[in-house]
Amino acid sequence: MTRAGKVKLSFFFSVLSLLGLILLMGMTSPIKNISFALVFFVVLFLFLVSFGHLLIYLRKGQLGPKSLSRIVIFSVFLVLLLMFSSSQSLNWVDGLILLLVLGGLLFYSSRRA
């Protein structure tokens, strides 16, 4: 696939998942059904990964395995951070543990790739 095709595909998935997030936030309530929160976090993860792909393609012109693993690691970290903070169970110790896990994953991915 050409670079322009990959950029268009990443842009399409970014817009599609962003619209899905907006619709999910506007039409559902996680208070009534907790499964909506799960769907929200899955769609948020998909948005972060596709938007990360788009940014890397626009910036560098290609996406290597190291960049792909970093996008997934940062996306998982942001979703976990948002999950903990939305449930109001994120204190400074948990935040420090999340940062240490993020640092370990980034170190491991840089050594592996």
Side-chain angles (χ1 to χ4, degrees):
M1 185 176 274
T2 65
R3 180 178 184 260
K6 290 180 181 180
V7 170
K8 287 179 184 178
L9 189 63
S10 294
F11 181 74
F12 174 73
F13 281 125
S14 296
V15 169
L16 187 66
S17 57
L18 182 63
L19 288 175
L21 280 174
I22 292 170
L23 285 174
L24 194 63
M25 287 187 303
M27 301 181 82
T28 60
S29 173
I31 296 171
K32 293 179 183 175
N33 192 351
I34 195 68
S35 64
F36 291 136
L38 178 66
V39 172
F40 172 79
F41 289 120
V42 169
V43 174
L44 178 66
F45 175 74
L46 293 173
F47 170 72
L48 290 172
V49 169
S50 62
F51 191 66
H53 279 233
L54 179 64
L55 288 178
I56 295 297
Y57 278 128
L58 291 176
R59 186 171 174 220
K60 292 185 177 181
Q62 61 182 357
L63 184 68
K66 191 174 186 179
S67 298
L68 179 63
S69 65
R70 285 186 178 177
I71 290 171
V72 171
I73 288 169
F74 277 122
S75 298
V76 167
F77 174 73
L78 287 175
V79 169
L80 284 176
L81 187 69
L82 188 63
M83 287 172 75
F84 279 126
S85 66
S86 67
S87 67
Q88 298 174 351
S89 66
L90 183 66
N91 57 19
W92 69 274
V93 175
D94 294 332
L96 184 62
I97 290 170
L98 277 174
L99 285 175
L100 289 173
V101 168
L102 173 69
L105 286 172
L106 288 174
F107 177 77
Y108 176 71
S109 73
S110 68
R111 294 291 178 188
R112 202 179 99 196

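One-based numbering along the sequence shown.
- Heavy atoms from other residues, nucleotides or ligands lying under 6.0 Å from CZ of F11 number 12 at most.
- Considering only heavy atoms from C-beta on, S86 comes within 4.5 Å of F41 through its side chain.
- Closest approach of I73 and L102 over heavy atoms only: CG2-CD1, 3.6 Å.
- Open room surrounds CZ on F84; 12 or fewer heavy atoms of other groups in view lie less than 6.0 Å from it.
- Here the shortest heavy-atom pairing between L106 and F74 reads CD1-CZ, 3.8 Å.
- Heavy-atom contacts from other residues, nucleotides or ligands closer than 6.0 Å to CZ of F77 number more than 12.
- Between F36 and L24 the shortest heavy-atom distance is O-CD2, 4.0 Å.
- Placement of L38 and L46 in two distinct hydrophobic clusters is found when ILVMFWY residues are connected by side-chain heavy-atom separations under 4.5 Å, directly or transitively.
- For the pair L82 and L44, the tightest heavy-atom approach, listed with the atom from each and the gap, is CD2-CD2, 3.4 Å.
- A search for side-chain hydrogen bond (donor to acceptor under 3.5 Å, both in side chains) contacts involving S17 returns nothing, not counting sequence neighbours.
- Looking only at distances, no side-chain donor or acceptor of T28 sits under 3.5 Å from a matching main-chain atom of M25.
- Below 30°, between 30° and 60°, or above 60°: for F51 and F47 the angle between ring planes is below 30°, a parallel geometry.
- The minimum heavy-atom distance linking I71 with L48 is given by the pair CG2-O, 4.4 Å.
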